There are 2 protein chains.
Amino acid sequence: MELRQLRSLVALEESGFNVTAAAQRLHLVQSAVSQHLTRLEDELGTELFMRQGKRLTGLTEAGRQVLYYARKTLADCDNILAIGREHVEEATGTLRIATTHTQAVYVLPPLIREFRQRYPQVKLEIQQGTPEQLVEMALHDQVDFSVCTEAVKEIPGITAVTCYRWNRSLIAPLGHPALTAKPFSLGEICDYPLITYVFGFSGASQFRNSFARLGLEPDVVLSAVDTDVIKTYVREGLGLGLIASLAYSDTHDADLGRRDLSGLFPWELTRVVYKSDKYLRKYEEVFIDLLQTRIADDGKYVEGS
Amino acid sequence: MELRQLRSLVALEESGFNVTAAAQRLHLVQSAVSQHLTRLEDELGTELFMRQGKRLTGLTEAGRQVLYYARKTLADCDNILAIGREHVEEATGTLRIATTHTQAVYVLPPLIREFRQRYPQVKLEIQQGTPEQLVEMALHDQVDFSVCTEAVKEIPGITAVTCYRWNRSLIAPLGHPALTAKPFSLGEICDYPLITYVFGFSGASQFRNSFARLGLEPDVVLSAVDTDVIKTYVREGLGLGLIASLAYSDTHDADLGRRDLSGLFPWELTRVVYKSDKYLRKYEEVFIDLLQTRIADDGKYVEGS
DNA sequence: ACTCCTTACGGAGCACGTAACTATA
DNA sequence: TATAGTTACGTGCTCCGTAAGGAGT
């Protein structure tokens with residue numbers, strides 16, 4: 001059995017069982033990939049693919065099982081190559097992160113500044129996606145790790161390390177009564193039209209639960225995936241904004257008042273997730289360490305020790 | 001990077017860094033293995049081996065890391081081949097089990113009889129070892145799984161499934177007062193010289209703890225790894241035997257009396273352990289299922305449903 | 001007619017074995 | 001001197017690419 005054959009198998013599946021496309025992905029000609037696949041089938045002695053005539057249409061049960069282990073095998077080979085790179089030049093490479101818009105814009109910048117000072121030779125790639133996509137990207141080796149705000153279920157094969165916690169703030173145009181009214185509780189919030197994150201983003205499910213537990217139903221007139229959209233419509237006067245505190249900027253959002261609501265909602269946890277069997281390069285560990293040590297409860301950057 | 005190179009790396013380590021021996025293990029000549037290793041080093045761009053002149057003496061840090069992932073890679077390749085075999089001929093192959101003497105002699109026979117009826121084409125290999133060795137054998141792919149009586153610590157990468165529980169009995173020559181005396185407790189047991197398992201075997205640590213918790217110190221005059229040795233010396237009149245109940249045979253041990261002690265000691269758990277990422281063939285699952293369903297609390301075989 | 005996969009064939013490269021050389025104990 | 005590892009070199013295999021042949025849509 002050869003690694004090439006496994007690579008062709010994986011590429012085939014990722015190309016929708018189009019051998020030609022798989023070959024292109026691998027920078028080979030079709031016939032080469034075709035040979036890999038038939039050789040693999042021959043060697044295992046069993047059909048891996050469903051066929052309609054000559055066309056491949058999907059995997060058999062055996063094929064699915066083999067694919068699973070083929071992915072694992074190739075991932076470990078990648079890990080070995082990463083070890084090589086790590087020991088050749090510890091401080092060069094590419095760091096690929098996936099996260100949500102809000103994290104990318106409001107949390108990562110100072111961390112990345114510090115990281116780049118320490119590792120000027122490491123290139124950075126920041127992908128964005130929904131919380132579900134973030135986990136998928138980490139699982140499929142499209143990124144080195146993902147920074148997830150939504151609580152990640154325990155997924156086998158995925159390691160999740162908690163980095164920092166955060167809570168919510170209310171934002172409104174300056175002078176809005178909700179900014180100063182006392183007492184203030186979830187009940188009062190429901191008196192106003194609200195703008196917050198769409199379901200699935202930034203702990204929106206915990207958010208809903210907080211109200212539901214008290215039998216309240218918030219009047220969310222608009223929801224968005226990223227904080228900038230929320231702010232925009234708060235400025236328009238469409239309603240109160242409920243955002244992650246860390247997404248409020250003293251300088252850029254001076255025209256908006258902010259009221260901390262940490263007492264009203266449970267704390268949310270931001271986690272870094274990556275495949276459990278992934279080899280972590282030094283600079284990857286350093287970046288995760290920054291995520292764990294540099295973010296205060298209010299989302300502010302804390303100078304390094 | 002090629003699988004051959006990884007195989008050579010693993011073989012080298014398992015041969016005590018003797019390239020010649022590694023080559024023999026792989027049915028290759030030295031020079032081939034030598035090339036694999038240098039190629040691997042070249043490709044990774046870093047030294048994997050400690051050297052004294054030309055001789056290899058050990059691994060560098062990078063080498064250790066690479067070895068770890070090389071083992072994983074090769075294990076997954078083996079899994080792929082196993083999937084092939086499974087789908088070619090579901091009912092043929094080899095089942096390699098490791099366990100202790102007592103399990104092999106007193107528990108497995110009826111299971112193996114039933115298993116062989118169902119899978120007459122599957123060859124069986126039973127290895128023996130100390131509880132520590134059993135886990136090692138499963139980890140190093142020397143066996144498909146191990147049947148462990150000693151409580152297995154949670155080891156990452158190892159899956160342990162509980163199969164059955166067992167407890168202890170006292171054995172003594174017929175007519176011995178300890179067989180019938182009432183009341184009977186750990187205290188009374190300490191009045192007699194005892195013969196039982198050596199530390200590390202068959203829950204010996206729990207055994208010690210049971211006494212220690214009451215401030216008692218049993219007078220163990222002889223300890224052995226397997227039950228047959230214990231029985232032999234009980235027959236000699238050297239002392240009372242404390243054995244796993246499942247190791248007492250009504251037919252062969254009719255000259256010895258038995259007294260159940262389940263009330264005096266905690267129940268021990270017998271577990272099957274195997275590498276978490278191991279692909280389980282159908283007949284392997286069947287065997288584990290037999291272990292889980294066919295053994296009663298007294299160690300007797302329960303007819304299939 | 002077009003796309004897609006397989007099979008046949010040829011060349012280039014490489015992996016393994018033999019063997020000579022070098023270094024360690 | 002015996003043992004162990006590296007390097008050099010030749011052979012045979014195999015892997016990839018070109019190209020022709022079926023098979024499906």
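Computed from a predicted model, the values in this text were never measured in an experiment. Residue numbers begin at 1 in each chain, while the letters A, B, ... track the order of the sequences.
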Please list all pairs passing the salt bridge (charged side-chain N to carboxylate O under 4.0 Å, His left out) test where one or both residues lie in residues 20-37 of chain B, with sequence neighbours left out.
B:E14-B:R25
The complete set of salt bridge (charged side-chain N to carboxylate O under 4.0 Å, His left out) pairs with one or both residues in residues 36-45 of chain A, sequence neighbours excluded, reads A:E41-A:R51
Apply side-chain hydrogen bond (donor to acceptor under 3.5 Å, both in side chains) to [X] and list each qualifying residue two or more places apart in sequence or on a separate chain.
X	answer
B:T20	B:Q30
A:T159	A:S276
A:Q65	A:E61, B:H87, B:Y279
B:S8	B:H36

Taking side chain as C-beta onward, heavy atoms only, is A:L3 less than 4.5 Å from B:E2?
no
Side chains of A:I158 and A:Y274 in contact at under 4.5 Å (non-hydrogen atoms)
no
Considering all heavy atoms of both residues, which atom of B:Y69 and which atom of A:D277 are nearest to each other, and what is their separation?
CE2-O, 3.2 Å
Looking only at non-hydrogen atoms, find the nearest pair between B:V229 and B:A224 and report the distance.
CG1-CB, 3.5 Å
Separation of atom [atom1] in [X] from atom [atom2] in [N], rounded to whole Å:
X	N	atom1	atom2	answer
A:L37	D:dC15	CG	P	13 Å
B:Q30	C:dA23	CD	P	18 Å
A:Q24	D:dG17	CD	P	12 Å
A:L26	D:dC15	CG	C1'	14 Å
A:L3	C:dC14	CG	P	16 Å

Bending between helix ends of the helix from C:dA1-D:dT25 to C:dA25-D:dT1 [5 pairs per end, 10° resolution]
30°
Check ion pair A:R64-A:E13 (N to O, under 4.0 angstrom):
no
Is the shortest side-chain N/O distance from B:T20 to OP1 or OP2 of D:dG5 below 4.0 Å?
yes
Listed pairs under 3.5 Å, donor-acceptor, residues 137-145 of chain B side chains, sequence neighbours left out:
{"residue": "B:H140", "atom": "ND1", "partner": "B:E136", "partner atom": "O", "Å": "2.9"}
{"residue": "B:D141", "atom": "OD2", "partner": "B:K275", "partner atom": "NZ", "Å": "3.4"}
{"residue": "B:D144", "atom": "OD1", "partner": "B:R96", "partner atom": "NH2", "Å": "3.1"}
{"residue": "B:D144", "atom": "OD1", "partner": "B:K278", "partner atom": "NZ", "Å": "3.4"}
{"residue": "B:D144", "atom": "OD2", "partner": "B:R96", "partner atom": "N", "Å": "2.8"}

Kindly state which residues belonging to residues 48-63 of chain A come within less than 4.0 angstrom of DNA chain D, counting heavy atoms of the residue only, listed by number.
A:Q52, A:G53, A:K54, A:R55
Strictly below 4.0 Å, heavy-atom distances to any atom of DNA chain D: list the hits from residues 9-18 of chain A, or just say none.
none
Measure all distances between protein nitrogen or oxygen atoms and nitrogen or oxygen atoms of nucleotides 15-17 of chain C, and list the pairs falling under 3.5 Å.
{"residue": "C:dA15", "atom": "OP2", "partner": "B:R39", "partner atom": "NH1", "Å": "3.0"}
{"residue": "C:dC16", "atom": "OP2", "partner": "B:H36", "partner atom": "NE2", "Å": "2.4"}
{"residue": "C:dG17", "atom": "OP2", "partner": "B:V29", "partner atom": "N", "Å": "3.0"}

Tell me every residue that passes side-chain contact (heavy atoms from CB on, under 4.5 Å) with B:Q128, counting only those two or more places apart in sequence or in another chain.
B:H101
